[in-house]
Amino acid sequence: EYTYAEAVPRINVTTNTYHSGTIYIYSTFNCIDKRPTLIIHEVLHLFGLEHNVNPSHEMDIMHPYIRDDCDANILDKDLDFLNNIYVSNQ
């Protein structure tokens with residue numbers, strides 16, 4: 001099993017907020033003119049999303065074993081998670 005990249009968020013445990021983070025890229029996929037799946041996956045980790053281990057969601061961008069075809073998708077549940085955390089209610 002090879003690690004292509006990892007995201008390391010800095011979380012303030014007192015306020016449970018993210019302050020910054022670092023993404024380490026060890027290897028990339030050739031996603032020219034396509035979606036940079038690996039990078040998006042790691043950025044979403046910094047936003048607080050975890051891996052989706054459901055085997056029926058192999059094309060989910062948060063699947064732990066990203067394929068190298070650059071075609072993974074962000075699922076509605078992940079967008080809802082981000083909206084619930086980062087969009088203020090007005």
* Structure fact -> In this structure, NZ of K77 is separated from CG of L49 (nearest 0.5 Å) by 7.0 Å
* To do: Quick one: closest heavy-atom pair of F81 and F47, and the distance?
  => CE2-O, 3.9 Å
* Close side-chain approach of H45 and H51, heavy atoms under 4.5 Å -> yes
* Sequence-distant partners of E50, side-chain hydrogen bond (donor to acceptor under 3.5 Å, both in side chains), two or more places apart -> none
* Quick one: CG on L46 to OG on S20, what's the gap to the nearest 0.5 Å? -> 9.0 Å
* Would you check if there is a donor-acceptor pair between the side chains of H63 and H41 at a distance under 3.5 Å? => no
* **Which residues share a side-chain hydrogen bond (donor to acceptor under 3.5 Å, both in side chains) with T14, sequence neighbours left out** => none
* Can you tell me if D78 uses its side chain to pair, donor with acceptor, with the backbone of I74 under 3.5 Å? -> no
* Hey, mind stepping through N73 and R35 against side chain to side chain contact (heavy atoms under 4.5 Å, CB included) and telling me if it holds? -> CA-CA 9 Å; N73 298 304; R35 185 178 299 127; 3.3 Å; yes
* Asked: What pairs with N52 under side-chain hydrogen bond (donor to acceptor under 3.5 Å, both in side chains), at least two apart in sequence or on another chain?
  -> H57, D60
* Would a 4.5 Å heavy-atom cut-off, applied to side chains only, mark L82 and L44 as touching? -> yes
* Structure fact -> Looking only at heavy atoms, the pair that brings P64 and V53 closest together is CG-CG1, 4.1 Å
* Would you give the length of the straight line joining atom CD1 of I61 to atom CG of L75, rounded to the nearest 0.5 angstrom? => 9.5 Å
* To do: Assess the side chains of Y24 and E42: does a donor N or O sit below 3.5 Å from an acceptor N or O?
  => no
* Rounded to the nearest 0.5 Å, how far does CG of L38 lie from SG of C31? -> 8.0 Å
* To do: Can you measure from CD1 (I23) to CD (E6) and round to the nearest 0.5 angstrom?
  => 10.5 Å
